[in-house]
Amino acid sequence: MSSITQPIGGHGDAAGGHEHHPSGIMRWITTTNHKDIGTMYLWFSFTMFLVGGVFALTIRSELFEPGMQILRPERFNQLITLHGLIMIFGALMPGAVGFANWMIPMQIGAPDMAFARMNNLSFWLLPPAAIMLLLGLFVPGGAPETGWTLYPPLSIQQGMGMDLTIFAIHIMGASSIMGSINIITTILNLRAPGMTMMKMPLFCWSWLITAYLLIAVMPVLAGAVTMLLTDRHFGTSFFDAAGGGDPVLFQHVFWFFGHPEVYIIILPAFGLISEVIPTFSRKPLFGYASMVYALCAIAILSFLVWAHHMFTVGLPAAGILFYMYATMLIAIPTGVKVFNWLATMWKGSITLEAPMLFALGFLFLFTTGGFTGLILAIQPVDVQFQDTYYVVAHFHYVMVAGTLFAFFAATYYWLPKWTGHMYNETLAKWHFWGSFIFFNVAFFPMHFLGLAGMPRRIPDYAQQFTNWNQVSTVGAFGFGLSQLILLYVVVMCIRGGKPAPAKPWEGATSLEWTLPSPAPYHSFPTPPVVQ
Amino acid sequence: MTTAGAVGVPQEDDFEARRRAAARRTGFGLLLVALIFFFGFIASRVWLSSDVSMGVVGAAVVVFVIVAVGRHLRK
């Protein structure tokens, strides 16, 4: 990874820092500045995280006791669908793009993203798409009750909310593709002189690969939902068995998108963690090249395992074996990454500031989620656990404890660079411990519920599942409330606090730390030279 | 762009122009790939059976990712 830099012509703030940009609301609507757009992505992501979180808490409230309490069954299913779609397309993906927008140009020594106007458009497509998605709750028939997978035939039979969802996915997909084109182009063409690919910070590598994945799978998902739309309104029968179509094809196509999507969300998180752990271990990342190769291996393997989501639809035995072994194979490059993170910490001079705490939390919980994923990869086991709470526990350990904890780590890591102020370390640690403990209280019992046979996506359940459901609900509320600490810390940090030096973390080495804090509005107008 | 350099435009401008042109080429190339996957997937399903359609699109996507990612590993 690049570490020593020699900016040409001063410290890279030749534009003079914070002047020369519009103010007020027009700044945010018309901005083409990568930092402004990154900020908007991150706030949008956090807002959607809260909206999706409120849906989750409503779901957990309903599940606090058996029987129907506060929701009708169809509304329960609608909230399940929206919770999934909003968290994935509204919170996690835009969050990752927000970090990319803020950090990639600064990490590679570029003045901005390659296509600055398209960058603005990519962001501003998201709010209307999110509104469209949420509007489904208020139209006749409500939002889709299909879950985020939108399987036909149910999705063909749904009301107008389904059309809104399809259009929302189209718009969010277009936004993602534009964002990906921008990121790839920026990384390939705007790197500072001397920064070869194998000197790039691992966060940039992880996003380069993620962006390729997005360009590969998003159009396929868009094609599939377009065909769903024509099945609904234009008399085609791509997926409608009544007209000779093949509903299982949709499942194949969806998971051909859906499984790489998991890696689209987790790879940037890997990149973020690979920035944080070396910094707070005060050692270079162990096995940089193997980390890059592992990222590539994970990306490619992610396309070869999609049917492990469909072990119960009736695949041929050879297919089952292939997908089972291919899925297990992903554990190897993932294991390489976990090993390298541990080896980076080995004999390091470790300090446990909030970013490092979240990184360690990520490491522990993501690995737990990975192990349950291995268990689910075993087809005879998966047949038993299919559609139970065990699966819910598994993917929340990967998605929440994986991606979200990495986002929290990165937020605290770069907050001084973004705002120019140090955050409140004590409150940040409270945020970590609240998140870590309540996350486990919320999601670990779901393993027990799943093992006991409790099906997912149901608003009511048998009496014997009550206790663990109540524990899980208490944990979910605790986790939700813990996030308000983050909001408070970030707002306080923006408003003031102890001034942050250019490099607040002793072990940080990448290019963004050569800039003053807060990072100037126009950074690196003259590219630095990487030695 | 190279001619601009030849008639005396400062070298930095020439560098910037070349960089912008390279960025445009990369961007259009990627846009083209996305459009081909989108329309190619629908067209393959219209004209081919489910299995063949999935096989063709799947193989194309995997080859794209292998080539796209793999070519950067040598640098």
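As a basis for the values below, the full set of heavy atoms in this structure was taken, side chains included, without hydrogen atoms, waters or symmetry mates. Quick note on labels: first sequence line is chain A, next is B, and so on, each numbered from 1. Predicted, not measured: the structure shown is a model, and the values here were computed from it.
If you measure heavy-atom distances from Ile215(A) to chain B, the contacts under 4.5 Å come from both the backbone and the side chain. Of the two parts of Leu208(A), only the side chain, counted from C-beta on, holds a non-hydrogen atom closer than 4.5 Å to a non-hydrogen atom of chain B. If you measure heavy-atom distances from Ala224(A) to chain B, the contacts under 4.5 Å come from both the backbone and the side chain. Neither the backbone nor the side chain of Leu214(A) comes within contact range of chain B, judged by heavy atoms closer than 4.5 Å. With a threshold of 4.5 angstrom between heavy atoms, Val253(A) approaches chain B through its backbone and through its side chain.
Across every non-hydrogen atom of Pro219(A) and Phe37(B), the tightest pair is CB-CB, 3.7 Å. Residues Ala23(B) and Asn189(A) share a closest heavy-atom pair of CA-ND2, 3.6 Å. Minimum interatomic distance between Ala216(A) and Phe64(B) (heavy atoms only, all atoms of both residues): CB-CD2, 4.0 Å.
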Self-check item: Evaluation steps, side-chain contact (heavy atoms from CB on, under 4.5 Å), between Phe28(B) and Ile181(A)
Solution: CA-CA 9 Å; Phe28(B) 280 122; Ile181(A) 290 173; over 6 Å; no
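For Phe167(A), the CZ atom counts as loosely surrounded, since its 6.0 Å shell holds 12 or fewer non-hydrogen atoms of other residues, nucleotides or ligands.
The aromatic rings of His72(B) and Tyr212(A) sit parallel to each other, their planes meeting at less than 30°, with 60° as the upper class boundary.
Between chain A and the options Thr26(B), Ile66(B), Leu31(B), heavy-atom pairs under 4.5 Å are most frequent for Thr26(B).
Among the residues in residues 226-233 of chain A, those with a non-hydrogen atom closer than 4.5 angstrom to a non-hydrogen atom of chain B are Thr226(A), Met227(A).
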